[in-house]
Participant: 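I have a structure here, written as C-alpha cells, and I will follow up with some questions on it.
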Amino acid sequence: MKYQKPKGTADIIPPFSNEWQFVEQTARETFKLYNYSEVRTPIFENFEVFSRSAGDTSDIVTKEMYDFHDKGDRHIALRPEGTAGVVRSFVENKLYGPEHAKPVKQYYMGPMFRYERPQSGRLREFHQIGVEAFGSDSPRIDVETIAMAIDFLHRLKVDGTKLVINSLGDLDTRKNYRQALIDYLEPHFDELSEDSKERLHKNPLRVLDSKDANDQKLVEDAPSILDFLTPTAKEHFDVVKETLDQLGIDFVIDSNMVRGLDYYNHTIFEIMVNNKALGHGDVTICAGGRYNGLVEELGGPECSGMGFGLGVERLLLILNQELKDELQKNDLDFYVVAIGNKVKNAAFKLVQDLRSFNYRADQDYLDRKPKGQFKSADKYHAKYVLTLGESELEQGTVNFKNMETGVEKVIKNDNLEQEIKSLTEE
RNA sequence: GCGGUACUGGCGAAGUGGUUAACGCACCGGAUUGUGGCUCCGGCACGCGUGGGUUCGAUUCCCACGUACCGCCCCA
C-alpha cells in the first residue's frame, strides 16, 4: 500500500459519519437550549498556551504534546484539549469586557491531538466536544453545566449514567488539605507505589487517583478534602448538592476524585457509564469542573470558568447499537431506471425533478441494463423506482414501483408531483 | 518512550523454499433483447505490508522499517 493514514489517525467514512453528525447535531441543539454559542478556535496554538495551562510538570507537556517548530521557527502545538484555546480566545477577544453578557457560554467540537502510542480507543487525533462558561461564580452554573451534560447524554440515549462529584475547594482549602494529606501519607511512604512516592510532594492529590491497589487501600483512610473546605467553599458545594437534588439528579460524592491539572477548584465532576464496550466497571465518558486561575494564567483578568469535555470516539463506542443501526441507514427515496439510450435525457431530467420535490433521488451512470439498474436500486435501498422507457416517453408517463411491495403503477407526467406525493404517502 | 502479537484479493481466510496462490462472502457478466431480492453457469490476487539479505529460486527463512491491535508510562 503506497499511502496510509498517519499513525493514530482514523478516517470517518460513511455510514459511520452519520453517527458523528448525529452526535454533533444533538450537541448543538442541546447546548443551544442552555444559551450556549459555538466558538471555533485554531487547531494549533503557540506551545505556551498549552504548557502554561497544563502547568509544565509531568509528561503531558514534554511527552504527549504534538508540537513542532514551523518555518518561522515558532514553537507550535496541535491542541491537546479544548479549554486552553477557548480561554486564550476569550482573553484575546476581551470577552470579559462589560459589553458582553455574562456568563459567556461557549461550546466547541473538533479534533484534538496527543502524541502517544495508539491503543484501545486512544488515537493521536481524536475528537472532543466541550463547553465553557466564563464569568460566574454561582454554584448554579456548576449545576447547569452538569445538568446539560447529562441532558446531552440522555438525548443520545446513553443510559446507565452515573454522576460523581467532588469539591476541591478554594486555594486555602487545597493548601490545608495538601499538608494534611502529606502528613497522613508520609508515615506510609515506604508502602506507596513508585509513582505515588514521586507524586507525594509534587502533587499529592494525584496519589488519591492512583491505580495501584495498595495505594488505593491506603488512600481509603486518608483525610477527606471535604473536611477541609473553607466556609465559602463548603457553602458553594452545599448549594451544588442541594440544587442537584432539587433537579432530581442523582449523584454520588467521591472525595478522592481529583483532576490532573492545578487550575481546577470547587466543583469537579465525572459522568461514568457501565458499558461492556469500554471494558469492565464504570468508565468516565465526560469530565469537567470549575477552574478559576486559568483565565488569569493566560493573561486575562480574574474570571472564573466552568466546563466539561467529552471524547467523541469513546462516546460512539457506547452509543446504543439500535440507534447506530438506524443512523447508518442511508436509504434513497427514488432510483430512476432508464431503458434505452433515447430516454437518457428525459430520465436525467426526471431525477432532477424528483430532487426539486425534495426527494433523495439517483440514477445509473454506468450504462447498466435494466436488471443491473434494479440491482443498484436495491443496493441503495431505494424505496421506489421510477422506470422510464421508450413507450413511457411516447405516452408521457412513467412507471412507479414500490420496491418493498413490488406494486407498480403507471403515472402521468403532467401531474407527476401530486401523483408521487400520494403514492409515497400511502 | 518501552514490551507482546499480527500483516495473503473489496472482506473473511487456507497455503507452500520451486512451473497456474485453495475456499467462502461481496462484486461483475450470462441464462432472463424492459424490472431487484431465489437458482444455475462464468469472471474476478502479474501477487502474499515496505525495503534489504540468504538462496539456483522466497509470499514461505533472516534483518530492518511501517502500520494495526493489546499492555506499560501517561491521560489535559
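Hydrogens, waters and symmetry mates are skipped; everything else that's a heavy atom, side chains included, is used. Order of the sequence lines sets the chain letters (A, B, ...), proteins ahead of strands, with each chain counted from 1. Since the model is a prediction, treat every value here as computed from it, not as a measurement.
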Participant: Could you tell me how far B:C38 sits from B:C27 if I compare only their P atoms? Round to whole Å.
Facilitator: 9 Å

Participant: Name the one of A:Leu388, A:Val398, A:Leu393 that satisfies side-chain contact (heavy atoms from CB on, under 4.5 Å) with A:Asn413?
Facilitator: A:Val398

Participant: Roughly how many Å apart are B:G51 and B:C7, using the C1' atom of each and rounding to a whole number?
Facilitator: 15 Å

Participant: Looking at A:Glu297 and A:Arg52, is any side-chain nitrogen of the basic one under 4.0 Å from a carboxylate oxygen of the acidic one?
Facilitator: yes

Participant: Can you tell me the base-pairing partner of B:A13? Count Watson-Crick or G-U wobble geometry only, both distances below 3.5 Å, and say none if there is no partner.
Facilitator: none

Participant: Under a 3.5 Å cut-off for both contacts, is B:U19 paired Watson-Crick or G-U wobble with anything, and if yes, with which nucleotide?
Facilitator: none

Participant: What is the distance from CD of A:Glu81 to C1' of B:C74, rounded to the nearest Å?
Facilitator: 15 Å

Participant: Counting only side-chain N and O atoms of A:Arg122, is one of them less than 4.0 Å from OP1 or OP2 of B:C70?
Facilitator: no

Participant: So, does A:Arg368 get its side chain near the phosphate of B:G29, meaning an N or O under 4.0 Å from OP1 or OP2?
Facilitator: yes

Participant: Send over the distance from A:Arg79 CZ to B:C75 C1', rounded to a whole Å.
Facilitator: 18 Å

Participant: Would you kindly give the NE2-to-P distance between A:His381 and B:G37, to the nearest whole Å?
Facilitator: 14 Å

Participant: Take atom OH of A:Tyr380 and atom P of B:C27, then tell me their distance rounded to the nearest Å.
Facilitator: 13 Å

Participant: Indicate, with a heavy-atom threshold strictly under 4.0 Å, whether A:Arg259 touches base, sugar-phosphate, or nothing.
Facilitator: nothing

Participant: Using ring-ring contact (aromatic ring centres under 6.0 Å, His included) as the criterion, point out the one residue from A:Tyr380, A:Phe357, A:Tyr384 that pairs with A:Phe334.
Facilitator: A:Tyr384

Participant: For A:Lys369 and B:G30, what is the distance between atoms NZ and C1' respectively, to the nearest whole Å?
Facilitator: 8 Å

Participant: Watson-Crick or G-U wobble partner for B:G37, using a 3.5 Å limit on both distances?
Facilitator: none

Participant: Which is true for A:Met403 with a 4.0 Å heavy-atom rule: it touches a base, it touches only sugar-phosphate, or it touches nothing?
Facilitator: base

Participant: Can you check the A:Arg88 CZ to B:A76 P distance for me, whole Å?
Facilitator: 22 Å

Participant: Does a sphere of radius 6.0 Å around OH in A:Tyr359 hold more than 12 heavy atoms from other residues, nucleotides or ligands, not counting ones at 6.0 Å or beyond?
Facilitator: yes

Participant: Here's one to test your reading of the geometry: is the NZ or CZ of A:Arg28 within 45 degrees of the ring axis of A:Tyr107 and under 6.0 Å from its centre?
Facilitator: no

Participant: Below 4.0 angstrom from OP1 or OP2 of B:C27, is there any side-chain N or O of A:Lys379?
Facilitator: yes

Participant: Side-chain N or O of A:Lys7 less than 4.0 angstrom from OP1 or OP2 on B:U67?
Facilitator: yes

Participant: Go ahead and name the base partner of B:G43; Watson-Crick or wobble counts if both distances stay under 3.5 Å, otherwise write none.
Facilitator: B:C27

Participant: Nearest-Å distance, NZ (A:Lys401) to P (B:G34)?
Facilitator: 15 Å

Participant: Side-chain contact, heavy-atom cut-off 4.5 Å: A:Leu244 with A:Ile165?
Facilitator: yes

Participant: Counting only side-chain heavy atoms from C-beta out, which of B:G3, B:U35, B:C73 sits nearest to A:Glu408?
Facilitator: B:U35

Participant: Using atom CG of A:Asn399 as one end and atom C1' of B:G34 as the other, report the distance to the nearest whole Å.
Facilitator: 10 Å

Participant: Counting only Watson-Crick pairs (N1-N3 plus N6-O4 or O6-N4) and G-U wobbles (N1-O2, O6-N3), all under 3.5 Å, who is the partner of B:C2?
Facilitator: B:G71

Participant: For A:Gly130, which contact category applies under a 4.0 Å heavy-atom criterion: base, sugar-phosphate, or nothing?
Facilitator: nothing

Participant: Which nucleotide, in any strand shown, forms a Watson-Crick or G-U wobble pair with B:G51, with both distances under 3.5 Å?
Facilitator: B:C63

